[in-house]
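What follows is a single structure, written as structure tokens, with notes after it.
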Amino acid sequence: MRTVIVGAGIVGVSTAHALLDEGHDVSLVDSARRAGRASLANAGWIADADIMPLASPKVWRHVPRWLLDPLGPLAVRPGYLPRITPWLVRFILASFPSRIEASIEGIRALNARALPAWRRRLGKLDLHGQLVEKGALSVWRRRGSFEQARRIIARQQRYGIAAQEIAAGDLAGLEPALRNVEAAVVYPDLCHVSDPAGLCEALLHRALARGARHVQHDATAIEREADRLRLRLGDGADAIDADRIVVAAGAWSGALTSQMGDRIPLDTERGYNATFAPGTLGLARPVMFEGEGFVTTPLGIGDRVGGMVEFAGLRQAPDHRRTDAIVLRLREFLPHLDPWTPGRRWMGFRPSMPDSLPVIGRAARDGRVLYNFGHGHHGLTQAAASAEIIADLIAGRAPSIDMRPFTPGRFRAGFSR
């Protein structure tokens, strides 16, 4: 079967391998000019322990404080407010208790399959060395904030996620560089990758070695005929015929989904980070700084700190005052960090849905077109698992999880869904 995948980020290349396993003739279509894809410089976490959607009490508790800070963890650029308002309305509705529960169950169902899927994929491709198994920490500046999080931690434990509170003395033994922390939880089974961009590149090269093709042009339109699909390309390039098309273009997926009759509320959470020389932060494992809006990861390519949620669309230039603000806040926990230490700054686009669930399923106008995008903060985490689901759908097999939370049709009934 001739299958064209639009997008060669971590979700696209993972999907390519899942379909190559099934004997598909695969082409990956993606413009080499596109900057800011989340696959290139994310935090590197396989965050399968995460169960909470962005629209959750955990986030809402901090929203007033964050919005009062012009360089805080959550921001909406004023000029973008009219554009983002429909998304924000859906986000607010996704905060209702019944919708939060549905999102939690959907996130957990997919995340529970994330690490096993990655182990299968990396094992098949002899890329085991990309996975780092050192666990992770969540830390709280104030004990009271940690007490508010106990219900979430207890739910994680009921799902079988290993999570253990760490006493202050034990935390000093695990991460002696940390200061101003009153509570911490260790997740011993959480993994990260040594280099997110390097993993994506390695997967792409392996896919090409297995017979896939990489077409470096923009996908502009999908044309439907009785016996085939045709993907139109920019720059006057020849169109590509296909039996199936998978849209996995992350934050850039919206134009093609609209052509297929699906008005999907896709937007982008712009994230910022800085990467320093290895060992700069003095941390041995990834750390989530709860309530602060950022995480750190000791990657093989350097120590990375990143976070932020900025709504400003795909066209506005980065505002790296936000990156500097993250580094300054990190110094409150790592006083030895010189804020002027040279670091590589970056901004990228997380493809975000109001309910924090990706869109995985068939297009409204033609079931030969499938979607696999909108993973938000979980793109790296869920890429291998959602790729296997796409392979199941194309093969006519029932996926191992309930697909209703992820279907594109969940938005067709309006704001009440």
Hey, are the side chains of I326 and L71 touching, using non-hydrogen atoms and a 4.5 Å cut-off?
no
Verify salt bridge (charged side-chain N to carboxylate O under 4.0 Å, His left out) between E388 and R113, making sure each step is shown before the conclusion.
CA-CA 10 Å; E388 293 179 351; R113 288 153 179 79; over 6 Å; no
Checking the side chain of S253 only, and the main-chain atoms of G250 only, is there a donor and an acceptor separated by less than 3.5 Å?
yes
Determine, step by step, whether R155 and E105 satisfy the salt bridge (charged side-chain N to carboxylate O under 4.0 Å, His left out) criterion, reporting the C-alpha distance in whole Å, the side-chain angles of both residues, the deciding distance to 0.1 Å, and the verdict.
CA-CA 11 Å; R155 186 159 186 174; E105 291 300 326; 3.1 Å; yes
Mark yes or no for whether D262, through its side chain, and S258, through its backbone, hold a donor-acceptor pair below 3.5 Å.
no
Run the side chain to side chain contact (heavy atoms under 4.5 Å, CB included) test on I46 and L190 for me, step by step, so that the C-alpha distance in whole Å, both residues' side-chain angles and the decisive distance to 0.1 Å come before the verdict.
CA-CA 7 Å; I46 308 296; L190 198 144; 5.8 Å; no
If I compare all heavy atoms of G72 with all of M308, which pair ends up nearest, and what's the gap?
O-SD, 3.0 Å
If you apply the rule side chain to side chain contact (heavy atoms under 4.5 Å, CB included), what do you find for T268 with L314, and how did you get there?
CA-CA 7 Å; T268 176; L314 292 166; 4.2 Å; yes
Only residue of R143, R142, E147 satisfying side chain to side chain contact (heavy atoms under 4.5 Å, CB included) with S145 is R142
If we ignore hydrogens and angles and just use 3.5 Å, is the side chain of H17 paired with the main-chain N or O of L203 as donor and acceptor?
yes
Side-chain donor-acceptor pair under 3.5 Å between D30 and Q216, yes or no?
no
Is a side-chain donor or acceptor of R331 paired with a backbone partner of L337 at a separation under 3.5 angstrom?
yes
Is there side-chain contact between R141 and E292, with at least one heavy-atom pair below 4.5 Å?
yes
Nearest-0.5 Å distance that lies between atom CG in L256 and atom OG1 in T220
8.0 Å
Step by step, work out the salt bridge (charged side-chain N to carboxylate O under 4.0 Å, His left out) result for R410 and D355.
CA-CA 11 Å; R410 71 187 191 266; D355 57 5; 2.8 Å; yes
Check for a donor-acceptor pair, side chain of T323 on one end and backbone N or O of Y272 on the other, with a separation under 3.5 Å.
no
Going by atom types alone, do H378 and D50 pair a side-chain donor with an acceptor below 3.5 Å?
yes
Locate the shortest heavy-atom distance separating D48 from R108; write the atom from each residue and the value.
O-NH1, 3.4 Å
With a 4.5 Å cut-off on side-chain heavy atoms, are P73 and V309 touching?
no
Check the pair F289 / T296 against side chain to side chain contact (heavy atoms under 4.5 Å, CB included), numbers first and verdict last.
CA-CA 8 Å; F289 294 83; T296 59; 3.6 Å; yes
Does the D366 side chain pair with the main chain of R368, one donor and one acceptor, at a distance under 3.5 Å?
yes
Below 4.5 Å, heavy atoms only, C-beta onward: do V76 and I84 meet side chain to side chain?
yes
State the CD1-CG distance between I5 and L28, to the nearest 0.5 angstrom.
5.0 Å
Before giving the answer on side chain to side chain contact (heavy atoms under 4.5 Å, CB included), spell out for V139 and E182 the whole-Å C-alpha distance, their side-chain angles and the decisive distance to 0.1 Å.
CA-CA 8 Å; V139 300; E182 293 187 357; over 6 Å; no
Taking the six-membered ring for Trp, are F146 and W140 parallel (under 30°), tilted (30 to 60°) or perpendicular (over 60°)?
perpendicular
Atom pair CG (L54) and OG (S352), whose distance is rounded to the nearest 0.5 Å
6.5 Å
Salt-bridge present (R210, D21; N to O < 4.0 Å)
yes
Hey, is the main chain of M347 close enough, under 3.5 Å, to the side chain of R322 for a donor-acceptor pair?
no
For R99 versus L93, what's the shortest heavy-atom pair and its separation?
CG-O, 3.5 Å
Please answer whether the main-chain N or O of I222 pairs with a side-chain N or O of Q259 as donor and acceptor at a distance below 3.5 Å.
yes
Is the distance from the ring center of F349 to that of W252 below 6.0 Å?
yes
Residues passing the side-chain contact (heavy atoms from CB on, under 4.5 Å) test with N273, sequence neighbours excluded, are A41, T275, R304, W346
To the nearest 0.5 Å, tell me how far K124 NZ sits from L20 CG.
11.0 Å
I'd like to check the ring-ring contact (aromatic ring centres under 6.0 Å, His included) partners of Y80; sequence neighbours left out, ordered by chain and number.
none
With no hydrogens and no angle check, just 3.5 Å: does a side-chain donor-acceptor pair link Y187 and Q164?
no
Hey, is CZ on R150 packed in by over 12 heavy atoms from elsewhere, all under 6.0 Å?
yes
Would you find more than 12 non-hydrogen atoms of other residues, nucleotides or ligands less than 6.0 Å from R83 atom CZ?
no
Run E22 and R397 through salt bridge (charged side-chain N to carboxylate O under 4.0 Å, His left out) and show every step you take.
CA-CA 12 Å; E22 307 256 330; R397 298 186 297 265; 2.8 Å; yes
Once rounded to the nearest 0.5 Å, what's the spacing between atom OG of S138 and atom CD1 of I153?
7.5 Å
With a 4.5 Å limit on heavy-atom distance, are the side chains of L334 and L283 in contact?
yes
Distance alone, cut at 3.5 Å: any donor-acceptor contact between the side chains of H377 and E269?
yes
S27 and R213: side-chain donor and acceptor closer than 3.5 Å?
yes
Atom NE2 in H375, atom CG in L110: separation rounded to 0.5 Å?
6.5 Å
For L174, is there any backbone N or O sitting under 3.5 Å from a side-chain donor or acceptor partner on R285?
yes
Report yes if some heavy atom in the side chain of F276 is under 4.5 Å from a heavy atom in the side chain of L281; otherwise report no.
yes
Which residues share a ring-ring contact (aromatic ring centres under 6.0 Å, His included) with H205, sequence neighbours left out:
none
Taking atom types as modelled, find out whether W45 and T297 have a side-chain donor-acceptor pair closer than 3.5 angstrom.
yes
Do NZ/NE/NH1/NH2 and the carboxylate oxygens of R329 and E332 come within less than 4.0 Å?
no
Which heavy-atom pair separates T15 from N372 by the least distance, and what is that distance?
OG1-ND2, 3.1 Å
Output yes when a side-chain donor or acceptor of W118 lies under 3.5 Å from a complementary backbone atom of Q382, and no otherwise.
no
Any carboxylate oxygen within less than 4.0 angstrom of a Lys/Arg side-chain nitrogen, looking at R2 and D25?
no
Are any non-hydrogen side-chain atoms of S39 and P196 less than 4.5 angstrom apart?
no
Kindly indicate whether the side chain of E223, heavy atoms from C-beta on, has any atom under 4.5 Å from the side chain of L229.
no
When you check the side-chain N and O atoms of T280 and D303, is any donor under 3.5 Å from an acceptor?
no
Write down the atom of S386, the atom of I360, and the distance for their closest heavy-atom approach.
CB-CD1, 3.6 Å
